[in-house]
Amino acid sequence: MNFDAEIGEILKRNQLSVTAGRKKILELFLSRNGALAHADIEKRTGEKFDRVTVYRTLHSFLDKGIIHTIPTPDNSIRYALCKDNCSEGHHHDNHIHFLCNDCGSTICLDDVHIPDVKLPTGFKPQQVEVLVSGICKDCR
Ligand SMILES: [Zn+2]
Ligand SMILES: [Zn+2]
Ligand SMILES: [Zn+2]
């Protein structure tokens, strides 16, 4: 499948120029319906791009609101494309993430919103992340 048009559109919307590295990494996200681990991305781009390029590209995507991070129990950071109208410096990814114990994939459940968390007086939440683990629909 060819994602050129979509990639061009995403980069243009975020005022980023088209570079081979950005193209390749966006292609990885678009061709995969789920999250990608940092190590995965490095492995799949490693022949063409060095670690610094990959790192910088992921960081600019995070800043621009193109991708968001997903916490995992083993502390390996995973990234997924944003769908919730994220913009530069402002993410609105208030959905739950699902980690499949069988196939190991991490999935954005875009329609499942994080419930309100009631904190004791004096506490101010800045970020709430919910990761549900279990068996995904493809593995059932
Ligand atoms: Zn986001
Ligand atoms: Zn699964
Ligand atoms: Zn997500």
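For the numbers below, each heavy atom of this structure counts, side chains included, while hydrogens, waters and symmetry mates do not.
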With a 4.5 Å cut-off on side-chain heavy-atom distances among I, L, V, M, F, W and Y, is there a chain of contacts connecting I96 to Y79? no
Using a 4.5 Å cut-off on heavy atoms from C-beta on, say whether the side chain of H38 contacts that of Y55. yes
A quick test of your reading: do over 12 heavy atoms of other residues, nucleotides or ligands sit less than 6.0 Å from CZ of R51? no
Roughly how far, to the nearest 0.5 Å, is CD1 of I7 from NZ of K24? 9.5 Å
Applying salt bridge (charged side-chain N to carboxylate O under 4.0 Å, His left out), run through R140 and D102 and close with a yes or a no. CA-CA 9 Å; R140 281 193 56 203; D102 210 355; over 6 Å; no
How about S60 and D63: does a side-chain donor come under 3.5 Å of a side-chain acceptor? no
To the nearest 0.5 angstrom, please state how far the CG atom of L36 sits from the CD1 atom of I25. 9.5 Å
Measuring from atom CG of L26 to atom CZ of F61, what distance do you get when rounded to the nearest 0.5 angstrom? 4.0 Å
Does some side-chain heavy atom of T72 sit less than 4.5 Å from a side-chain heavy atom of I77? no
Nearest heavy-atom approach of C86 to G65 is CB-O, 3.3 Å
As a quick check of understanding, evaluate side-chain contact (heavy atoms from CB on, under 4.5 Å) for N85 and H90, giving each step before the final call. CA-CA 9 Å; N85 286 323; H90 294 282; over 6 Å; no
Under the side chain to side chain contact (heavy atoms under 4.5 Å, CB included) test, which residues partner S17, sequence neighbours left out? T19, R22
Partner of H97 by side chain to side chain contact (heavy atoms under 4.5 Å, CB included), out of R78, H68, E129: H68
Between R13 and E9, is the closest basic N to carboxylate O distance under 4.0 Å? yes
Is the closest side-chain heavy-atom distance between K12 and V18 below 4.5 Å? no
What's the separation between atom CD in E27 and atom CD in E6, rounded to the nearest 0.5 Å? 11.0 Å
State, with a plain yes or no, whether a side-chain heavy atom of C136 is found less than 4.5 Å away from one of F98. yes
Any chance you could measure I66, atom CD1, to E88, atom CD, to the nearest 0.5 Å? 9.5 Å
Nearest 0.5 Å, what's the CG-OG1 distance between L62 and T57? 11.0 Å
Would you check if V112 and H95 make a side-chain contact, meaning some heavy-atom pair closer than 4.5 Å? no
Connected hydrophobic set around I70, excluding itself, where side chains approach under 4.5 Å: L99, L131
Has D111 got more than 12 heavy atoms of other residues, nucleotides or ligands less than 6.0 Å from its CG? no
